[in-house]
Asker: 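Got a structure for you, written out below as structure tokens; questions coming shortly.
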Amino acid sequence: MTTESTGSRVITYRQALNETLRAELSRDENVFLIGEEIGVFEGSYKITAGLLEEFGPKRVVDTPIAEEGFVGIAIGSAMLGLRPVVEIMTINFTLIAIDQIVNHAAKMRSMFGGQVSVPLVIRTPGGGGQQLAATHSQNLEVWYAHIPGLKVVAPSSPADAKALLTAAIRDDDPVLFLENLALYNVKGEVPDGEQIAEIGRAAVLREGTDVTIISYSRGVVTALEVAAQLEDEGVSVEVVDLRSLRPLDRDAIVASAKKTSRVVVFEDDLLSYGIGAEISATISEGAFDFLDAPVRRVAAAEVPLPYSKPLELAALPSAATLHQVVTEILDDTRFSRQEAAGV
Amino acid sequence: MTTESTGSRVITYRQALNETLRAELSRDENVFLIGEEIGVFEGSYKITAGLLEEFGPKRVVDTPIAEEGFVGIAIGSAMLGLRPVVEIMTINFTLIAIDQIVNHAAKMRSMFGGQVSVPLVIRTPGGGGQQLAATHSQNLEVWYAHIPGLKVVAPSSPADAKALLTAAIRDDDPVLFLENLALYNVKGEVPDGEQIAEIGRAAVLREGTDVTIISYSRGVVTALEVAAQLEDEGVSVEVVDLRSLRPLDRDAIVASAKKTSRVVVFEDDLLSYGIGAEISATISEGAFDFLDAPVRRVAAAEVPLPYSKPLELAALPSAATLHQVVTEILDDTRFSRQEAAGV
Amino acid sequence: MVNTKNPVKSGRSAPRPGDSAETLRTYYEQMSLVRAFELRASEMYARAKIGGYCHLNLGEEATVVGLMAALEPRDYLFTTYRDHGYAIVRGMNPDAVMAELFGKSTGVVGGRGGSMHMFDMDLRMLGGYGIVGGQIPPATGAAFAIHYRSEAGPKTEAVMCLLGDGTTNIGAFHESLNLAGLWDLPIVYVIINNGLGMGTPVDKASAEPDLYKRGSAYRIPGVRVDGDDPIAVRDAARDALKRARVERRPSIVEAMSFRLKGHSVVDPARYRSAADSAEAQKADPVPAFRAHLISAGVLTETGAEKIDAAAEARVDVAVAFADSSPNPTVDQLFAYVYATEVPNAPSAFPGDRVVALS
Amino acid sequence: MVNTKNPVKSGRSAPRPGDSAETLRTYYEQMSLVRAFELRASEMYARAKIGGYCHLNLGEEATVVGLMAALEPRDYLFTTYRDHGYAIVRGMNPDAVMAELFGKSTGVVGGRGGSMHMFDMDLRMLGGYGIVGGQIPPATGAAFAIHYRSEAGPKTEAVMCLLGDGTTNIGAFHESLNLAGLWDLPIVYVIINNGLGMGTPVDKASAEPDLYKRGSAYRIPGVRVDGDDPIAVRDAARDALKRARVERRPSIVEAMSFRLKGHSVVDPARYRSAADSAEAQKADPVPAFRAHLISAGVLTETGAEKIDAAAEARVDVAVAFADSSPNPTVDQLFAYVYATEVPNAPSAFPGDRVVALS
Ligand SMILES: Cc1ncc(C[n+]2csc(CCOP(=O)(O)OP(=O)(O)O)c2C)c(N)n1
Ligand SMILES: Cc1ncc(C[n+]2csc(CCOP(=O)(O)OP(=O)(O)O)c2C)c(N)n1
Ligand SMILES: [Mg+2]
Ligand SMILES: [Mg+2]
């Protein structure tokens with residue numbers, strides 16, 4: 001993390017994104033924003049509010065509904081040295097553009113022998129829980145995390161939103177920058193000045209000794225909440241924020257698993273073949289002899305997400321489920337709270 | 001498995017597919033084939049050879065290059081009760097149609113409250129190793145395996161190609177039927193008569209006691225080869241063929257892991273967030289106390305696959321790598337060959 | 001390719017010879033009902049009875065009614081997410097439509113789909129779709145199935161596929177129209193041109209802003225009609241449906257109307273100029289059609305008031321029904337994932353173990 | 001929109017005033033070299049020196065040469081997978097192109113891409129692409145970048161994007177052309193109409209089989225030219241490039257030619273009728289242009305023989321170079337995955353442990 005902080009402010013995740021986009025647009029003429037409704041409409045989720053007015057239509061480009069076309073245009077412009085920051089309204093619509101992202105942006109550099117790079121950022125929010133029903137509530141980041149040539153980051157806090165977005169824009173490779181509808185209004189302290197995170201590193205957001213919760217993006221907020229609650233119950237919880245899904249910081253994951261010997265992965269994603277599967281496999285490979293119990297996965301029920309609120313709630317993992325599973329893993333391993341609380 | 005076998009023949013995987021398509025076209029007027037170059041050209045890989053001539057252009061529909069369009073057309077026709085069997089030339093091109101597959105076919109039934117079903121089969125070959133370079137060599141089945149509402153099957157033998165394709169065509173849900181370029185010429189015994197596999201079941205293709213190799217599709221051929229070789233070296237290898245990636249037969253996987261206590265997953269897929277990750281996580285959840293060593297994954301190197309033969313070979317898992325990793329897991333767990341060989 | 005240009009906006013809804021007073025009154029009843037329903041939906045959203053996205057047909061009522069009048073019961077309909085009005089006029093019970101918005105088990109799709117996903121197999125309304133353009137290929141596939149199963153003729157089925165102006169710019173539109181043109185499929189693509197895709201005007205989205213001309217790349221004819229005139233819309237759609245049935249040729253109908261409010265209920269539409277909004281309000285097809293029917297002597301002021309009151313009352317009933325309906329039960333979460341049961345289908349709730357730890 | 005119809009196939013390659021004998025000879029040299037290169041590639045494939053897919057420009061030589069003559073060094077070129085000829089005439093060393101086919105480290109992209117992926121940043125040949133239509137959005141993006149950075153004018157850059165006839169039916173074509181039309185991008189879409197997409201004739205693929213007319217849905221003009229005539233192709237492309245530079249308007253050039261062999265080297269093209277194949281052979285642009293230059297007195301038979309022999313000799317050298325070049329080394333497998341190094345980037349070979357087991 002490169003930082004030149006002087007002070008800090010408490011702002012929302014949305015504002016952190018907005019300010020970072022503004023800063024990068026000001027810094028580098030080659031940076032431009034492109035996407036549906038990001039200009040006149042100011043963004044479906046108002047992330048780009050005010051930027052059209054400030055930078056004009058050349059730098060903030062409203063597009064027709066043509067994800068494949070405008071993502072491809074961003075790619076081609078990046079091949080010529082521009083630094084497009086694409087907004088795709090939600091991750092669900094990336095499917096229209098996925099051939100351009102996966103078969104083109106991700107592969108060009110390798111396939112063309114290193115002669116070209118594609119300095120492209122695709123910002124897109126994922127996640128369910130807003131009653132948007134099956135086609136508008138997905139977490140498909142695991143697909144992108146699977147693809148060599150891409151980088152995939154998923155900040156969980158306003159500070160990281162700033163530092164990772166700055167890093168993503170300055171990175172010469174295509175970066176999928178995962179946001180989350182439920183994070184936009186979350187507030188946090190954000191250091192002033194230029195902040196550049198290192199893509200590819202996880203962070204231990206909270207140190208603990210009894211059990212590790214691993215998560216990313218919105219899930220981290222819940223993990224921290226549950227960790228605080230468990231602390232009150234005499235359990236010392238370590239929280240690891242993956243931050244980068246590709247590259248994946250396996251060492252950080254394994255180190256925490258070795259330390260606490262109990263791990264729960266918390267993800268909004270669907271369980272089978274989700275992010276948690278890779279984390280579990282990694283831990284088993286790296287910390288096999290240290291584990292007191294198998295890694296548990298708390299993930300979404302495997303259904304196209306229903307609209308109806310009670311059904312949606314039942315299908316999505318919550319703080320309550322996470323709390324319960326942590327409790328289960330502790331109980332399964334005969335963990336004694338009093339002792340652990342050190343009293 | 002429903003079977004009404006009288007005898008059997010040794011035929012290729014290609015021929016098994018071709019005969020099954022012919023049988024299903026004959027059986028049910030609602031079944032039709034649709035895809036690029038499947039008629040006049042007889043299929044890029046000649047799977048549909050002779051079928052246009054036999055069934056005419058109504059039942060064997062050549063399309064323009066418009067994967068999104070014709071997959072969507074297949075979906076809509078399935079909503080009205082037809083039973084389209086789509087060929088997408090290779091899995092790489094499914095990306096163009098993926099919004100229709102994942103956001104539409106997979107979700108319609110749930111999203112529309114069970115009022116409609118989409119009896120659709122998408123046949124498509126995956127896999128690298130033919131020097132087709134980065135965009136034409138992918139194994140993206142893990143993406144589809146992640147999606148509720150889809151079924152994903154991946155036969156490894158001509159017999160299974162027949163029985164699973166029959167099952168897929170008779171199934172009322174969208175089924176992604178994964179083939180593999182390297183399997184088409186593989187021969188095997190195929191029972192005569194109608195054969196209908198049960199989607200959602202793995203199979204133990206070879207019983208063993210020392211170590212389990214889990215694979216699917218083309219990987220199974222290699223796994224069986226390596227198992228035979230290891231047998232000569234005094235190691236009793238169990239081989240589990242997943243057959244169905246969604247639903248995944250977790251019980252079969254866990255049962256074998258418990259039995260042998262050592263597991264290697266062999267996949268053509270990229271390692272991170274691949275099929276092997278889910279298998280490993282599942283085994284850890286279901287057989288934690290039975291394992292002598294962590295599940296090992298043998299998978300492809302995480303690069304856009306290069307064209308050059310030596311690079312391609314280096315990037316793809318082989319019988320030799322599988323053999324080596326099985327040897328390593330045995331050595332790591334102090335397995336003694338003589339003893340195991342029972343001599 | 002017929003170009004009726006930007007239809008003249010005055011006098012357009014004058015009843016034509018051949019339509020009985022009863023028919024015209026029915027059209028107005030339907031328009032009034034859709035209007036009342038949509039205003040109430042907006043209110044229910046504000047009161048948090050409805051969640052998610054909610055897109056209304058306000059301003060589109062004449063088009064809704066005209067199109068549904070043209071469509072025969074045997075025909076198939078695919079719509080966008082802006083589907084409440086179509087659902088109701090196609091014949092779904094407003095109770096069940098409102099219940100769907102409320103996410104209740106009595107909703108048209110049991111609360112699974114919400115606002116964007118009205119569906120009724122029996123009514124051959126094959127769904128509202130939320131992915132822009134996503135409905136076009138399946139709708140074209142329904143036409144393919146008709147073509148597969150039947151010969152052309154005036155009594156056969158056809159498909160009507162709705163899409164917005166903004167949706168003509170997506171790849172699925174091109175691939176589908178090309179295939180429909182190539183294979184002579186019985187389908188009518190109705191472009192609901194309300195001038196805007198969210199905040200984007202047509203001429204900032206389409207290099208050919210005369211959208212009825214966009215079939216030219218597929219030899220598909222197109223016609224533009226006044227979407228504020230239910231009769232004009234109906235007649236254009238009927239002609240196009242007839243061509244689909246008899247000639248098995250696809251066509252485009254572009255219906256011009258205004259979106260009276262924001263893109264969805266939460267959009268204040270600040271990006272719209274006062275002039276544009278004023279023009280939209282002035283063109284409002286509901287009062288216009290009402291006034292025309294009155295001035296044509298088909299309807300009296302009191303008659304119209306009665307219709308409007310009945311619409312309100314009907315919506316009251318729908319809301320009461322929706323409100324008192326039960327939620328879907330959580331044990332039914334996995335009920336519709338698969339049509340054909342297979343072993344090992346996932347059924348774990350979050351936090352459940354997916355394999356028994358022995 | 002100009003329609004030159006199916007160009008008359010006789011006398012078409014007659015040199016026009018203004019082209020020097022030297023220029024015309026150079027064109028023939030290029031055509032002859034491409035022909036020799038492609039035939040040799042086919043042979044090398046049969047001898048298993050080349051693997052994967054291999055699509056040849058046989059029959060397309062006049063189009064290759066005409067287009068490359070129109071393109072200025074400052075312009076950008078995007079092609080399909082059928083790219084060897086373009087790579088060579090654009091200026092890549094035939095040695096390096098052949099070495100690429102052989103998968104050698106001396107290949108234009110170091111053996112990473114093979115036949116379908118020729119690329120040279122300095123020559124502004126921004127790649128052959130294997131996904132049908134995949135090149136169209138990035139090519140349009142290159143035009144976007146030009147537009148972003150410079151004002152219109154005769155000296156500015158432009159983009160030429162090649163695509164096959166079959167490729168006009170895919171969504172990426174539609175989205176890209178709409179955006180290019182909407183945003184006034186300096187790009188020329190060249191449709192190489194060889195009558196077939198694999199085994200599918202144009203009229204079984206495109207509802208509008210006059211492909212130069214497909215820009216009508218975006219107000220993009222199109223022109224059809226005889227793709228067997230390098231001069232006609234060049235002039236049409238120049239006009240279109242000029243419009244791109246000066247007016248910042250996209251356009252379509254449809255070049256008509258025949259594919260002399262199968263879709264790729266392994267395709268025997270049994271689906272082609274004898275008549276069609278005969279017509280294709282008859283139209284072969286290489287002997288035709290040769291004969292025309294001779295009859296026009298620009299070239300003598302011996303001169304032509306010398307050119308052909310030189311082409312053969314050049315290809316001999318290329319093969320020898322490719323054959324004796326080293327393979328890429330396996331330790332370089334991960335060399336180009338990322339441009340910006342980051343921690344934890346994967347570097348495991350199959351079977352390697354991805355985390356150290358402590
Ligand atoms: C593929 C995709 N991209 C973007 C969106 C977000 N979106 C929903 S509606 C809409 C505007 C559609 O405009 P139009 O087609 O004119 O229909 P209208 O809403 O005016 O009825 C957009 C961009 C989406 N749902 N799907
Ligand atoms: C998206 C996609 N679908 C299918 C293919 C397989 N494919 C490769 S080339 C080709 C035919 C293309 O025809 P055309 O555009 O006419 O180009 P030509 O080969 O004649 O030069 C097809 C179907 C592909 N590469 N990509
Ligand atoms: Mg609109
Ligand atoms: Mg062609």
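Residue numbers begin at 1 in each chain, while the letters A, B, ... track the order of the sequences.
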Asker: Which heavy-atom pair separates D:Pro350 from B:Ala315 by the least distance, and what is that distance?
Answerer: CG-O, 3.3 Å
Asker: Less than 4.5 Å apart, any side-chain heavy atom of B:His136 and any of D:Met116?
Answerer: yes
Asker: Rounded at 0.5 Å granularity, tell me how far OG1 in B:Thr63 sits from CG in D:Asn169.
Answerer: 9.5 Å
Asker: Using 4.0 Å as the upper bound for N to carboxylate O, is an ion pair formed by D:Arg353 and B:Asp332?
Answerer: yes
Asker: Could you tell me which portion of B:Pro317 (side chain, backbone, both or neither) has an atom closer than 4.5 angstrom to a non-hydrogen atom of chain D?
Answerer: both
Asker: Taking side chain as everything from C-beta outward and backbone as N, CA, C, O, which of these in D:Ile50 sits under 4.5 Å from a heavy atom of chain B? Side chain, backbone, both or neither.
Answerer: both
Asker: Can you see which heavy atom on D:Leu333 is nearest to which on B:Val303, and at what distance?
Answerer: O-CG1, 3.5 Å
Asker: Need one label for B:Val325: side chain, backbone, both or neither, based on atoms under 4.5 Å from any heavy atom in chain D.
Answerer: side chain
Asker: Select one option (side chain, backbone, both, neither) describing which atoms of B:Thr321 are under 4.5 Å from chain D's heavy atoms.
Answerer: side chain
Asker: Quick one: what part of B:Ile65 sits under 4.5 Å from any heavy atom of chain D, side chain, backbone, both or neither?
Answerer: both
Asker: Specify which of D:Gly133, D:Ala205, D:Ala269 makes the most heavy-atom pairs with chain B at under 4.5 Å.
Answerer: D:Ala205
Asker: Just by modelled atom types, is the D:Gly171 backbone N or O under 3.5 Å from a matching donor or acceptor in the B:Glu68 side chain?
Answerer: no
Asker: Return the set of residues passing side chain to side chain contact (heavy atoms under 4.5 Å, CB included) with B:Asp62 (not counting sequence neighbours), or none when no residue passes.
Answerer: B:Ile38, B:Val40
Asker: Which bit of D:Val354 is near chain B, if near means a heavy-atom gap under 4.5 Å: side chain, backbone, both or neither?
Answerer: side chain
Asker: Under a 4.5 Å cut-off applied to non-hydrogen side-chain atoms, are B:Pro64 and D:Thr200 in contact?
Answerer: no
Asker: Any pair with a residue in residues 310-321 of chain B that passes salt bridge (charged side-chain N to carboxylate O under 4.0 Å, His left out), sequence neighbours left out, goes on the list, sorted by first then second residue, please.
Answerer: B:Lys309-B:Glu312
Asker: Where does B:Gln130 contact chain D at under 4.5 Å (heavy atoms): side chain, backbone, both or neither?
Answerer: backbone
Asker: Grab the two heavy atoms, one from D:Gly351 and one from B:Val298, that are nearest each other, plus how far apart they are.
Answerer: N-CG1, 4.2 Å
Asker: Distance from D:Phe349 atom CZ to B:Glu302 atom CD, nearest 0.5 Å?
Answerer: 12.5 Å
Asker: Walk me through it: do B:Tyr307 and D:His117 pass the test ring-ring contact (aromatic ring centres under 6.0 Å, His included)?
Answerer: CA-CA 10 Å; B:Tyr307 163 73; D:His117 303 116; 8.7 Å; no
Asker: Is the backbone of D:Asp352 close enough, under 3.5 Å, to the side chain of B:Arg296 for a donor and an acceptor to pair up by distance?
Answerer: no
Asker: With a 4.5 angstrom heavy-atom cut-off, is it the side chain or the backbone of B:Glu328 that approaches chain D, or both, or neither?
Answerer: side chain
Asker: Only pairs at least two apart or in different chains count here, so list each salt bridge (charged side-chain N to carboxylate O under 4.0 Å, His left out) that has a residue in residues 47-57 of chain D.
Answerer: D:Glu43-D:Arg47, D:Lys49-D:Asp323
Asker: With side-chain contact (heavy atoms from CB on, under 4.5 Å) as the criterion, how do B:Glu67 and D:Val132 come out once you've worked through the C-alpha distance, each side chain's angles and the decisive distance to 0.1 Å?
Answerer: CA-CA 10 Å; B:Glu67 284 83 358; D:Val132 157; over 6 Å; no
Asker: Can you tell which of D:Ser206, D:Ala348, D:Pro328 has the highest number of heavy-atom pairs within less than 4.5 Å of chain B?
Answerer: D:Pro328
Asker: Non-hydrogen atoms of chain B under 4.5 Å away: do they reach the side chain of D:Thr329, the backbone, both or neither?
Answerer: backbone
Asker: By number, which residues in residues 100-109 of chain D have some heavy atom less than 4.5 Å away from chain B?
Answerer: D:Glu100, D:Leu101, D:Phe102, D:Gly103
Asker: Which bit of B:Ile96 is near chain D, if near means a heavy-atom gap under 4.5 Å: side chain, backbone, both or neither?
Answerer: side chain
Asker: Please determine, among B:Gly39, B:Ala301, B:Ala134, the option with the most heavy-atom pairs under 4.5 Å with chain D.
Answerer: B:Ala301
Asker: Chain D: which of B:Asn92, B:Leu132, B:Leu270 shares the most heavy-atom pairs with it under 4.5 Å?
Answerer: B:Leu132
